[in-house]
Participant: 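I have a structure I would like to understand better, so I am pasting it below and will then ask my questions one at a time.
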Amino acid sequence: MIAEPWQKAEIPGPTKSFIIQKPEVAAALIKKAKHPLLIVGHEVVEKLNSEIKLVDYIVRIAKAGKIPVIASGKAFTEIKNFIPVSLMSIVEVGSRLIDPKWNGIDGLGPHDLALFIGIPYYVEWLLLSGIKHFSNVTTISLNRFYQPHASWSFPNLSLKEWIKNLEILIKTLEGG
Amino acid sequence: MSKKTLKLKIGELKTSLGEIKDFEISIGRILEETWEEEVGPTPFPSISDLRNWDLKLLERYKPFYMPFCDVCCLCTMGKCDLTKDKRGACGLTMPAQQSRIVLLACCIGAATHTAHARHLVEHLIEKYGKKWVIDVGGVNIEVEAPIIRLVCGIKPKTLGDLEEVLDYVEKEIVQLLSATHTGQEGSFIDFESKIFHAGMLDHVALEVADIAQISAYGFPKADPEAPLVEIGFGVVDKSKPTILVIGHNVPSAISIVDYLEDIGLRDKVEVCGICCTAHDLSRYDPKAKIVGPISWQLRFIRSGIPDVIVVDEQCIRADALIEAQKIKAPLIATSEKNCLGLLDRTGDQPSEVIKDLVDGKIPGALILDHDKVGEIAVKTALLIAPKRIKFKSIPDIQSVIEGAKKCRKCFECSRACPNNLPIPEAMEEATKGVFKKLSDLLDLCIGCGRCESACPINIPIHSFMEVAAEKKLKEEKFKIRAGRGAIQDVEIRQVGSPIVLGEIPGVIAFVGCANYAKSGKEVVEMADEFAKRNYIIVSSGCAAMSMAMYKNGEGKTIYEMYPGVFDAGGVSNVGSCVSNSHIAGAAIKIASIFAKRKLRGNYEEIADYILNRVGAVGVGWGAMSQKAASIASGFWRLGIPVVVGPHGFKYRRMLLGRKENMEDWYVYDARSGEKIYVGPAPEHLFYSAETKEEAMVMIPKLCMRPNDTTKGRAIKLTNYIDLHKRIYGTLPNDLHMFIRTVADIPITMKDEVLEFLKEKEWKENIIPDPTLLPRLIRKRRE
Ligand code: SF4
Ligand code: SF4
Ligand code: SF4
C-alpha cells in the first residue's frame, strides 16, 4: 500500500515522516538509540485478530530490543503478565517526552527514541505531532497505517504485510 | 460595561439620589443599592484582571500542544510553516498559534452562547417586559445567579438587569477575539489566560440564558423531582402529524405547543425534538418528546417520521434542508444565525406561506417571528401529513442487499469515518441478507455522514445502517428526568460539608456532545458506577440524553434508578447546554452558602476555594463543538478539572500536571503562611482519556483536594484504589503522593498500603488550610 494518511482529511504539512521500507531500518534505529521507549495503546488488546496475538509481538520486541515499555489501559493489564511494564496514559507520556528534563520511565535519563503501537489512529496522529514539534525525540510508529507526524512510519499495510514486517523487525533485533 | 464605568456610576448614585433615579430610568441600567455585601476586587473583570490567577494555574498545569498540522493559514502571508522552532511571517510560534486556535474556538463557543442569551433575553423582554422578576427556585434559591454575582458583582433581579450583564460579556468577547488578529498577542501563556477569560464569560452567558428562560417560561424551578419525560427514537407516535424541532434556542418550539394548546389540538400533533431545544421543550411541556442527541439527526429525518422540521440555532446539520427535502418535509428556519439560504417570509401572510410549503412550491421558509412559526408549523403539519404518508428516504431491505453487492471494498468509507468503523465488512455480510454487523455499527456511529460523502459510488451507508437497525430503533423508548435547573440552597447546605471534607467522594458532571469513540453506553456505565459509589452525578445536554438511552436488567433507565437530588448517589439532569451554568453555580454556591465566602466580584478567592476544596470533575466524554471547549475553559478557571474522551485529543491542547515534580504541588497554609506540599491534587486540569477504563480511574483521582479530611481522603482513596485494582489489577503506583497521614489510609486496605508506603520511603505530612493566594493568609497567632 501507499504512504498517505489513513484518515483521508488528515493532512500533515511540510514535515513528513520517513517511510520504513524495510523493517531492518527500524531495528537499526533502535539498536543505535541510547535509551529507547516502547509505548503501547489499548488497541493491541481490543483489535486482536483471532489468530494473531499482538501482545506477543510487543513482548518479543521489548525483549529483543531491551526496551522499557509503557502501556495504557488494558494493554498494561495484559502485558504485565509477561514482562515488566509501566502504567501511564498516552497523553501523560506525551507531556513528559517533550520535557528534556524528564528522567525517563526508569529514572535512567531522557529517552532519545520512542516507538508507538496500538494507539487509536487519530490519537497517535496528535500525540506524534506534539512530540515532533516540541522535542528532539526520534519517533517510530509501528502501527499498520501511515503516520506522517512520526520521524519514521510504515506505509499503510495489509494485516499480513504488517505482521511480516514486525517479524523481521524482531528477528533483526534478536540477531544482535 | 467596564469596572471603571461601573464605579463611576455608583459614585454618582451616592451624590444625589433624585438625579440618579432619573439617570437609572433614562438608560435602563441597574445599579446596586440593596446588596449589602461589599464589592470584591474584580467586578466585571477585564482580560488582565484575573491574569495572575490564570498564571498560577498555568504554572502548575502546563499546556501540552498537539497541532493537527504544521502550518498556519490564517493570513495572506502564509501558509507559514511553524514546524519546531520556526516562526511564521508574523513572528508567531507554534505554541502561540495552537493556543490562538483554542482561544478562537472558545470565543466562538462563548459568542454562540452569548448570542443565544441575548436573543432569549430580548425576546422575553418583548413578551414579558423588562421588569419580569428572575425566579429560578422561589424560596429555595436565594443565590439566584451565582456566576453573575461572582463575575459581575451585581445581583440581577429582573430580565432587564440581564441586559447589563450581556453588554459586559459582549464587550469582552470582542476584546478577546481581537487578540487573535495577526500581530496582536504573541505569548502562548497569555493566549491561555485569555482562553480562561473566554470560558468565564461563557459561563456568565449560560447563566443569563437559563435563568431568563426558567423565570419566564416556568421551567422546573430547582426541582429534584422534575417530571420523567419520554426519550428515544420509538417514543414518537407516527400516526399523528409530527413536528420535529432541532437546535438549542427554544422560543419557536414553545410557540408551537402554545399554538396547539390555543387551538385545542395539543394531543393531536406530536412535537418532538433533537438536541437541547428538545431538553428545553420538555422542561416547558412534559408531553413533548425527546428523540435524542445531536447524532440522531440524520437517522431520524431519514426515517421520514417528521412532517415539518423547525430549526433554530446551534448544532444543526448544515445539510438539514437537503435531508428534509429528501423526505418531502418542509423546513422552517427561525434564527438570523441560521437562515439556510431560505427566503425571508416573515412579513407574508401565514396562510400564503403555509400554502407554498404544503404545495411544495418552496422547500422551506425563514420566519423570524416566533408566534408566526407556531401557527405556520402547526397548520403546515396538519395539512401536509396526510399527503406525505411518512415518506422515507431510507431504502427497503432488497435495495440494501443490492446496494451492498455493489460495494467495492475500497475502504474509503472507513477511512473517512471518525471511528474507523468496519463498514466494508458489514456490507459483505449484508450481501447475504444478514444485517447484524450493519445494525451493530449504528450503535457506534456518531451520525456524521462522512462515510457517505466519501463513498465513490454513493452508497447511502448511514441509511443502510438505519434499515438494518430499524426494528431496534423502533423499540428505543426510555425515560429521562426533565431538566431540573438550579441546585437548591438547602441541597448545597446539606452536601457542602461532606463535599468539602471529602466524605462525599466527589461531584461528577457528565456534559457535552455525542462524539463518542464507542457508544453512548460508556457514559451511562460511568455514571452508574460512580452513582453506586455515592458520588453526586449531574448531567446536561446531549450527555444527559445518552445516559437515558440504556436500561438496566429491570428495564429502568438511570434516571429511574436514582433520585434526581444533588446529593450522594443522586443522578440529576440540570437541563440543556445553557443549564451547565447550574453545575458551575453549585460549586460556587458551596463556597458562598456553605463556607460563607464573599461572592461579589471575588472570583479569585472563590476559584481558589473550589480548586483546593470542592472535589468536582467535569466529564465531556463526547465533547465535540466549540461551545464544549468554552464550557470546559470556564470550569478550568474555576479550578474544576475536565476529562474528555479520545476525540478530545483533537482540541489539540491539554493542561497537565506533573505529579513527580514536587515543587509544583505546594500551597500556603492559610493559618500560618507556611508552604506545604499537598501532593498532586487535583493532578490535571484538562485531560483526554484513551478509553473508558482509563477515565474511570482518573475521575476519582481528580476528585481529591488538598483540604480533604483524613476520613474524606480515606473514602476518596478507597474508590481510587478499588477502581485501579479492578481495572489494572494493581495498587496505583502514585498512591504515596495522596496519603498525607496514616489516618488517610483506608482501613480495609491498611496492611497492603503500609507495605507499599514503606517501599516508597513515604513520610507523614500535615494537612493545611490550603490556598494559593498569599493575601488569604491569616496572621500567625503567636
Ligand atoms: S455516519 Fe457513522 S459510520 Fe458514517 S462516517 Fe460517520 S460515524 Fe462513521
Ligand atoms: S470537519 Fe468538523 S468543522 Fe469541518 S465540516 Fe466537518 S464537522 Fe464541521
Ligand atoms: S466507500 Fe462505498 S464502495 Fe467503498 S468500501 Fe465503503 S461502502 Fe464500499
Side-chain angles (χ1 to χ4, degrees), chain A residues 1 4-16 41-43 45-47 71-78 80-81 86-92 94-99 101-103 107 118-136 145 148-149 156, chain B residues 62-71 79 81-86 93-95 98 411-412 414-420 450 454 517 646-661 683-684 686-695 697-698 724 727-730 732-733:
Chain A
M1 277 197 185
E4 61 172 48
W6 175 252
Q7 280 216 325
K8 282 272 174 154
E10 303 281 34
I11 311 296
T15 315
K16 290 188 268 311
H42 80 284
E43 285 191 350
V45 183
E46 293 209 342
K47 295 222 167 142
S72 65
K74 290 178 195 159
F76 169 81
T77 342
E78 184 78 6
K80 78 177 168 42
N81 297 329
S86 305
L87 173 67
M88 197 184 273
S89 76
I90 296 304
V91 75
E92 289 174 322
S95 73
R96 282 164 176 79
L97 276 174
I98 63 163
D99 176 4
K101 290 197 278 290
W102 185 45
N103 222 12
I119 300 165
Y121 188 82
Y122 55 91
V123 172
E124 191 185 356
W125 178 281
L126 287 148
L127 186 74
L128 286 169
S129 164
I131 299 165
K132 161 170 114 177
H133 283 282
F134 305 112
S135 80
N136 292 317
F145 302 116
H149 284 309
N156 294 326
Chain B
K62 299 226 165 43
F64 172 36
Y65 298 109
M66 295 172 283
F68 253 121
C69 73
D70 303 341
V71 301
K79 295 186 171 183
D81 179 3
L82 302 179
T83 312
K84 285 221 180 263
D85 299 325
K86 293 193 181 77
T93 59
M94 186 55 106
Q98 290 309 303
F411 276 89
E412 293 293 307
S414 287
R415 291 177 68 177
C417 175
N419 288 330
N420 201 11
R450 275 207 330 208
H647 284 298
F649 273 83
K650 290 180 237 169
Y651 282 126
R652 61 200 95 171
R653 173 312 240 100
M654 295 291 131
L655 297 169
L656 302 171
R658 286 279 297 279
K659 57 187 168 192
E660 69 274 26
N661 293 352
E683 188 180 348
H684 304 300
F686 188 37
Y687 176 88
S688 188
E690 194 192 337
T691 58
K692 178 191 82 177
E693 289 74 19
E694 189 183 309
V697 176
M698 185 51 77
H724 196 284
I727 288 166
Y728 298 126
T730 63
N733 69 359

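Chain A is the first sequence line, chain B the second, and so forth, proteins listed ahead of strands; every chain is numbered from 1.
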Participant: Flag the pair A:S95 / B:K62 as yes when at least one side-chain heavy-atom distance between them is below 4.5 Å, and no otherwise.
Facilitator: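 A side-chain contact is absent here, since even the closest heavy-atom pair is not under 4.5 Å.
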Participant: Once rounded to the nearest 0.5 Å, what's the spacing between atom SG of B:C69 and atom CD of A:E10?
Facilitator: 9.5 Å
Participant: Of all heavy-atom pairs between A:T15 and B:D70, which one has the smallest distance, and what is that distance?
Facilitator: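 Scanning both residues, the minimum pair turns out to be N-OD2, 3.0 Å.
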Participant: Using non-hydrogen atoms and a 4.5 Å limit, figure out which bit of B:T83 sits close to chain A: side chain, backbone, both or neither.
Facilitator: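 The answer is both parts of B:T83.
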Participant: What residues, two or more places apart in sequence or in another chain, satisfy salt bridge (Lys or Arg N to Asp or Glu O under 4.0 Å) together with B:R415?
Facilitator: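 Scan of B:R415 (salt bridge (Lys or Arg N to Asp or Glu O under 4.0 Å), adjacent residues dropped) gives A:E4.
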Participant: Minimum heavy-atom separation for B:Y728 to A:L87, with atom names?
Facilitator: CD1-CD2, 3.5 Å
Participant: Please classify the contact between A:K101 and chain B as side chain, backbone, both or neither, with a heavy-atom cut-off of under 4.5 Å.
Facilitator: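 It is neither, since no heavy atom gets under 4.5 Å.
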Participant: Considering all heavy atoms of both residues, which atom of A:P120 and which atom of B:E690 are nearest to each other, and what is their separation?
Facilitator: CD-OE2, 3.5 Å
Participant: Restricting to side-chain contact (heavy atoms from CB on, under 4.5 Å), what partner residues turn up for A:S89, sequence neighbours left out?
Facilitator: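 Per chain and number, A:S89 pairs via side-chain contact (heavy atoms from CB on, under 4.5 Å) with A:V91, A:E92, B:Y687, B:E694.
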Participant: Please report the closest heavy-atom contact between A:H133 and B:K84, naming both atoms and the distance.
Facilitator: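 Of all heavy-atom pairs spanning A:H133 and B:K84, the closest is ND1-N, 3.2 Å.
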Participant: Hey, what do you get for CG (B:N419) to OH (A:Y121), rounding to the nearest 0.5 Å?
Facilitator: 15.0 Å
Participant: Is chain A contacted by the side chain of B:L656, its backbone, both, or neither, given a heavy-atom distance below 4.5 Å?
Facilitator: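 It is the side chain, since no backbone atom gets that close.
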Participant: Let me know if B:H647 has heavy atoms under 4.5 Å from chain A in its side chain, its backbone, both or neither.
Facilitator: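 Both the backbone and the side chain of B:H647 come within 4.5 Å of chain A.
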Participant: Side chain, backbone, both or neither: which part of B:P95 has a non-hydrogen atom closer than 4.5 Å to chain A?
Facilitator: both
Participant: For chain A, which candidate among B:A689, B:P418, B:A454 shows the most heavy-atom pairs at distances under 4.5 Å?
Facilitator: B:P418
Participant: If we define contacts as heavy-atom pairs under 4.5 Å, which of B:E660, B:R652, B:M654 has the most with chain A?
Facilitator: B:E660
Participant: Where on A:P14 is there a heavy atom nearer than 4.5 Å to chain B: the side chain, the backbone, both, or neither?
Facilitator: both
Participant: Which atom names give the shortest non-hydrogen contact between B:A517 and A:Y122, and what distance separates them?
Facilitator: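 Reported closest heavy-atom pair: CB-OH, 3.4 Å.
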Participant: Shortest non-hydrogen contact from A:W125 to B:F68?
Facilitator: NE1-O, 3.0 Å
Participant: Please state whether the side chain, the backbone, both or neither of A:L127 comes within less than 4.5 Å of a heavy atom of chain B.
Facilitator: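 Its backbone and side chain both get close to chain B.
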Participant: Relative to chain B, which segment of A:N103 carries a heavy atom at a distance below 4.5 Å: side chain, backbone, both, or neither?
Facilitator: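 No part of A:N103 comes within 4.5 Å of chain B.
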Participant: Tell me, side chain or backbone of A:P5 under 4.5 Å from chain B's heavy atoms, or both, or neither?
Facilitator: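 For A:P5, backbone heavy atoms alone lie under 4.5 Å from chain B.
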